[in-house]
Protein chains: 2
Amino acid sequence: MEDTQPPESPGEIAAAWRRERPGTPTESIPVVTPVFRLAKLFEDDRQRVLRRAGIDRATLDLLSTLRRSGSPYTLTTRELGGRTLVTAGAISQRVARAEREGLVSRAPDPRGGRGILISLTDAGHALIERSVEEVLGREMYLVEGLEESERDALAALLAKLTGQVRERAATPLPPAAPRRADERPGERPG
Amino acid sequence: MEDTQPPESPGEIAAAWRRERPGTPTESIPVVTPVFRLAKLFEDDRQRVLRRAGIDRATLDLLSTLRRSGSPYTLTTRELGGRTLVTAGAISQRVARAEREGLVSRAPDPRGGRGILISLTDAGHALIERSVEEVLGREMYLVEGLEESERDALAALLAKLTGQVRERAATPLPPAAPRRADERPGERPG
DNA sequence: AGATCAACGTTTAGACCTAAACATACATCG
DNA sequence: CGATGTATGTTTAGGTCTAAACGTTGATCT
């Protein structure tokens with residue numbers, strides 16, 4: 001046997017929970033599970049493309065953000081942090097790695113501030129120029145399995161959901177679910 | 001200043017690329033970017049819930065899969081691998097951690113095989129029982145920002161896209177974009 | 001000025017993952 | 001039976017990330 005069955009579909013996962021624990025709220029599964037899986041599929045595929053281009057995800061993120069910001073391809077560490085989904089510590093490390101490879105340079109902000117300006121070097125500019133086209137071209141291909149109208153509809157729904165989730169995730173967690181005293185979760189059929 | 005501006009919207013990112021590099025294929029951005037962001041939002045929020053429940057993402061994954069498989073809550077390492085998105089090495093480590101915490105037990109497969117059976121212990125069963133309800137309840141809340149009909153439409157599109165991407169990502173990478181001879185990728189400015 | 005505060009960036013410790021090298025245990029074939 | 005091959009699991013080396021401690025540099029107040 002070469003490989004086992006593919007992962008359960010979201011529908012199967014939800015059905016399994018309902019079978020095992022009637023009453024379990026499974027309505028979110030058909031949305032959340034595919035989001036995780038798609039993120040991983042895109043991520044892994046992107047990594048294949050990037051490896052060939054001699055760059056990794058972290059560096060792509062950094063250089064793209066600088067490149068996209070337009071001439072003079074310079075942002076402060078803080079601005080980079082705001083546009084990326086990682087912590088300040090990670091930014092620091094990413095910049096350090098990219099600097100070691102000669103892709104970016106660092107200099108104190110001339111405008112008084114305590115900020116540090118990160119700029120694309122020529123090598124960094126060349127590398128991102130080469131990589132962006134490939135990454136976006138490949139993603140285009142991956143996404144073209146959907147009709148344009150479907151992509152538009154999907155993009156709209158994703159945008160709306162992102163907004164909603166951002167709002168709701170920002171609110172403090174509700175109190176932990178009440179735990180029924182007669183619920184004997186430890187019970188196990190022999 | 002407390003925090004900088006939120007990350008650019010997918011539309012802004014695409015517009016920036018078109019401004020900076022006319023002709024860049026940006027059609028995938030409104031789909032791919034929100035998928036990454038939603039995955040991170042869900043992931044981070046889930047982690048907050050899990051921390052309170054005294055469990056982490058890796059262990060949740062492991063225990064959920066066992067629990068969902070139904071009595072006797074036992075699977076081989078290989079089966080676990082097939083249902084999870086991580087490598088065999090990661091499974092091994094996850095099981096080792098969970099075993100150290102008394103949440104699962106390991107035993108050689110009695111049916112002749114060279115496989116190892118991983119089973120939920122009573123403690124593991126109790127923990128997952130407690131956690132699942134909270135995680136899914138919370139996710140339900142996060143996703144309820146969309147109408148039910150929107151969620152259904154979104155789920156259908158995500159399912160279709162997942163299938164398409166899985167197919168397309170499996171195919172070998174097309175040849176690298178032609179690279180101009182004067183572009184020397186390995187070269188580094190002194 | 002001097003003290004205190006706030007913003008910013010870096011460093012460090014620890015967690016988890018992947019890829020690849022290593023075992024092991026069956027299975028098959030001469 | 002002994003040699004190869006194949007499927008499974010585990011271990012190890014290395015990498016990136018987060019959280020939190022830490023250090024620095026301006027800004028504010030008296």
Side-chain angles (χ1 to χ4, degrees), chain A residues 1-5 36 39-41 43-48 50-51 54-62 74-101 104-119, chain B residues 1-5 36 39-41 43-48 50-51 54-62 74-101 104-119:
Chain A
M1 220 159 294
E2 153 64 14
D3 57 4
T4 39
Q5 64 280 22
F36 280 136
K40 179 146 176 59
L41 284 169
E43 178 66 39
D44 289 353
D45 191 85
R46 179 179 280 194
Q47 197 168 315
R48 284 205 303 164
L50 292 180
R51 186 176 326 229
I55 182 175
D56 60 64
R57 177 185 169 282
T59 305
L60 177 81
D61 234 40
L62 173 62
T74 296
L75 293 171
T76 65
T77 300
R78 184 155 189 72
E79 290 170 322
L80 283 170
R83 290 166 158 79
T84 322
L85 301 178
V86 296
T87 60
I91 300 282
S92 230
Q93 293 170 7
R94 287 177 170 192
V95 169
R97 288 196 297 270
E99 189 183 27
R100 211 169 329 161
E101 294 171 36
V104 302
S105 62
R106 302 189 321 161
D109 191 333
R111 310 177 309 246
R114 51 237 156 266
I116 304 270
L117 297 181
I118 317 296
S119 306
Chain B
M1 216 158 298
E2 155 61 17
D3 57 5
T4 39
Q5 65 279 18
F36 280 135
K40 178 145 176 61
L41 284 168
E43 178 65 39
D44 289 353
D45 192 85
R46 178 178 281 193
Q47 198 168 314
R48 285 206 302 164
L50 292 180
R51 185 177 325 230
I55 183 176
D56 59 65
R57 177 184 169 284
T59 306
L60 178 81
D61 235 39
L62 173 62
T74 295
L75 293 173
T76 65
T77 300
R78 181 154 187 73
E79 290 170 322
L80 283 170
R83 291 168 159 76
T84 321
L85 301 179
V86 297
T87 60
I91 300 282
S92 230
Q93 293 170 7
R94 287 177 171 193
V95 170
R97 288 196 298 270
E99 188 183 29
R100 218 175 356 237
E101 294 171 38
V104 302
S105 62
R106 303 190 319 162
D109 192 333
R111 308 178 308 248
R114 51 242 155 263
I116 303 270
L117 296 181
I118 317 295
S119 304

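All chains are named by letter (A, B, ...) in the order of the sequence lines, taking the proteins before the strands, and each is independently numbered beginning at 1.
With rounding to whole Å, I116(B) atom CD1 is found 13 Å from dT24(C) atom P. One atom, CG of D44(A), and another, C1' of dC17(C), lie 12 Å apart when rounded to the nearest Å. D109(B) has its CG atom 13 Å from the C1' atom of dC26(C), to the nearest Å. Computed from coordinates, the E79(A) CD to dG9(C) C1' distance equals 14 Å when rounded to whole Å. In this structure, I91(B) places its CD1 atom 13 Å from C1' of dT10(D), rounding to the nearest Å. The nearest whole Å value for the distance from the CZ atom in R106(B) to the P atom in dT10(D) is 5 Å. Atom CZ of F36(A) is separated from atom P of dC17(C) by 14 Å (rounded to the nearest Å). When the P atom of dA15(C) is taken as reference, atom CD1 of I55(B) falls 17 Å away, rounded to whole Å.
Judged as a side chain to side chain contact (heavy atoms under 4.5 Å, CB included), and not counting sequence neighbours, the contacts of D44(B) are K40(B). By the side-chain hydrogen bond (donor to acceptor under 3.5 Å, both in side chains) test, T59(A) is found to be paired with D56(A), residues two or more places apart in sequence or in another chain being considered. Scored by the salt bridge (charged side-chain N to carboxylate O under 4.0 Å, His left out) test, R106(A) finds E99(A) as partners (sequence neighbours excluded). Scored by the salt bridge (charged side-chain N to carboxylate O under 4.0 Å, His left out) test, E101(B) finds no partners at all (sequence neighbours excluded).
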With a cut-off of 3.5 Å and sequence neighbours excluded, list every side-chain donor-acceptor pair involving residues 88-98 of chain B.
residue	atom	partner	partner atom	Å
R94(B)	NH1	D61(B)	OD2	3.3

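Residue T77(A) is classed as a sugar-phosphate contact, given heavy-atom separations below 4.0 Å to backbone atoms only.
Side-chain nitrogen and oxygen atoms of R78(A) include none within less than 4.0 Å of the OP1 or OP2 phosphate oxygen of dT10(C).
Distance CD1/I118(A) to CG/L75(A): 9.0 Å, rounded to 0.5 Å.
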Report summary line: 5' to 3', nucleotides 15-21 of chain D under a 4.0 Å protein heavy-atom cut-off (B base, S sugar-phosphate only, - none) gives -SBBS--
